[in-house]
Amino acid sequence: MKRCIALLTVILLTLSSAAAYSAAPSVSFDSAWFENDARVYQHPLCQASILLAQAAFRGSDAHPDREIRAFFSAYGFSDPVLEEFDVKTTETIGTAIAHQTLTASDGALFTLVVVAVSGGNYGPEWVSNFDVGESMEHRGFAQAAEKALQRVNAYVDERGIKNPRFWITGYSRSAAVSNILAAHLSDDGRFNARHIYCYTFATPRTVITSADTPAYDHIFNIVNFADLVPHVPLEAWGYSWYGNTLYLPSSLSQGLDYPALTNAYTQTYQDMYGDPPPYDDDDYFAMTAHQAAWGLSILVPDVQRYSAVYQPIISRAILGEELSYAEITILLMALKNAQNAAVIGSFPTPPLTASYDPENPLASLSFSAPALENHMPQIYTAWLFSLTDETALTQNELLLTK
């Protein structure tokens, strides 16, 4: 039973360690970003946002806030308020809020409030990630977003900030929280969506799109189709994102010179990190991520079955509780189904493998997921800095039917 817990721990640590902060180029702060309509994509602001999102990752337990405080200082933000950076429970969400007064081109002053949600180096918060619930929004992310919203409102009200403009960002878990936070801020009659600038990265799905929800065009979600994380919660359950979702270039895209783009990406990655990218972002991983999600949807056809059967087992495993053989087999069958669906064609490296003996699952348990490396922030960062504008994102129409 402990080996099953170790299995899940490996999966979780693979994802969270992949999101470690890495060296990346700087982007000069430009107050003009925040004079433009937030509903218009701005590539330099997107590049600055992914650096901010990574700076917001919790650092070592001894210095969890070192990177975000350094970022605020470098970009001229003051009066920072950090909450739950130094604690980790099933319900925490780290946020860092600061502000600065800027001068518009017409000489008018305005206050920019930056909200960075922490998306790395967390433990029990994984329970919240898997707490999908059965409402319109992913329950775990929505509860975290509500906490963040209360902090933002308190920050603005306590300082008497009138007509603030917001810069919001996050990566992975914090991207989902930022996605909901930016949507709820725009629902508040006090704030203008044209002045809520939100860029999220590697964003899990957050909301049932069949619900009666308006468009939130000030939100831009940057996702890698070959990354497994943005495929969950499953599209088959009706989940998508608030706002505009833009895909990184892929060989499954039409209208792109993908060889030229990937050459620039590979060189940028090499220049930034000293090594070539771990994998080529080609149709292999893009198709298999899609197929793995499809395979899971066959075994778990709706969120009600997930909530009743799978979520309690996953939550207990994350918290280190003992699981029965039956529970272990249930989880492994789900992984196996995803594996079988993902392995289509003759691929040299399976993106997801799981093996087990139903009569003695612990004795034969094994798991590997090299495709999880497509969730690394280094991949997103190198892609965004290899592009000179949004053309390869906004024209990225996938040939594969999602």
Side-chain angles (χ1 to χ4, degrees), residues 33-34 36-42 45-46 49-50 52-53 56 93-97 112-119 128-129 131-157 161 163-223 229-235 237-247 303 393:
W33 296 335
F34 306 101
N36 298 323
D37 191 327
R39 296 170 296 185
V40 177
Y41 176 90
Q42 300 179 78
L45 178 55
C46 181
S49 295
I50 196 169
L52 171 58
I93 183 69
T95 56
I97 307 174
L112 176 66
V113 177
V114 61
V115 184
V117 185
S118 181
S128 174
N129 292 355
D131 184 11
V132 178
E134 298 180 23
S135 299
M136 185 184 77
E137 294 176 334
H138 180 293
R139 182 166 58 194
F141 298 148
Q143 290 174 344
E146 180 60 28
K147 293 182 72 172
L149 179 62
Q150 292 174 2
R151 296 170 189 172
V152 170
N153 283 327
Y155 188 95
V156 170
D157 292 342
I161 300 174
N163 301 317
R165 303 184 186 190
F166 296 98
W167 180 18
I168 303 169
T169 192
Y171 192 96
S172 193
R173 164 178 165 81
S174 68
V177 175
S178 297
N179 179 269
I180 297 174
L181 169 62
H184 289 189
L185 269 178
S186 68
D187 291 335
D188 189 323
R190 297 189 301 163
F191 308 123
N192 191 330
R194 292 187 297 109
H195 295 152
I196 302 174
Y197 306 80
C198 180
Y199 289 78
T200 76
F201 306 92
T203 318
R205 295 168 183 263
T206 57
V207 62
I208 300 288
T209 56
S210 60
D212 184 19
T213 56
Y216 297 91
D217 289 341
H218 59 288
I219 302 171
F220 293 91
N221 312 298
I222 312 301
V223 301
V229 172
H231 287 272
V232 294
L234 300 177
E235 184 181 24
W237 300 347
Y239 279 89
S240 187
W241 304 267
Y242 285 117
N244 307 284
T245 298
L246 306 176
Y247 291 97
V303 70
L393 299 174

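Worth saying up front: this structure is predicted, and the values here are computed from it rather than measured.
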Going by the salt bridge (charged side-chain N to carboxylate O under 4.0 Å, His left out) test, which pairs reach into residues 137-146, not counting sequence neighbours?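 Qualifying pairs: Asp131-Arg139.
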Can you pull out every salt bridge (charged side-chain N to carboxylate O under 4.0 Å, His left out) where at least one residue sits in residues 170-184? Sequence neighbours excluded, please. Glu125-Arg173
Could you measure the distance from the [atom1] atom of [X] to the [atom2] atom of [Y]? Nearest 0.5 Å is fine.
X      : Y      : atom1 : atom2 : answer
Thr95  : Leu149 : OG1   : CG    : 11.0 Å
Ser186 : Ile219 : OG    : CD1   : 6.0 Å
Leu185 : Phe191 : CG    : CZ    : 6.0 Å
Phe220 : Arg39  : CZ    : CZ    : 10.0 Å

Who pairs with [X] by salt bridge (Lys or Arg N to Asp or Glu O under 4.0 Å), at least two apart in sequence or on another chain?
X      : answer
Asp217 : none
Arg165 : none
Asp188 : Arg190

What are the two closest non-hydrogen atoms of [X] and [Y], and how far apart are they?
X      : Y      : answer
Thr203 : Ala175 : OG1-CB, 3.6 Å
Trp167 : Ser49  : NE1-OG, 2.9 Å
Arg151 : Ile93  : NH1-O, 2.7 Å
His138 : Ser128 : CE1-O, 3.3 Å

For His218, enumerate each residue passing the ring pair (Phe, Tyr, Trp, His ring centres under 6.0 Å) test, keeping only those at least two apart in sequence or located in another chain. none
What residues, two or more places apart in sequence or in another chain, satisfy ring pair (Phe, Tyr, Trp, His ring centres under 6.0 Å) together with Tyr239? none
Check side chain to side chain contact (heavy atoms under 4.5 Å, CB included) between [X] and all other residues, then give those that pass, not counting sequence neighbours.
X      : value
Ser174 : Val117, Tyr171
Gln42  : Trp33, Asn36, Leu45, Tyr197, Tyr199
Asp187 : His184, Tyr216
Pro204 : Phe141, Ala176, Val229

Short side-chain donor-acceptor distance under 3.5 Å, Thr206 and Asn179: yes
Answer with yes or no whether the side chains of Trp241 and Thr200 bring together a donor and an acceptor at under 3.5 Å. no
Test side chain to side chain donor-acceptor pair (under 3.5 Å) applied to Thr245 - qualifying residues, sequence neighbours left out: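 Residues passing side chain to side chain donor-acceptor pair (under 3.5 Å) with Thr245: Asn221.
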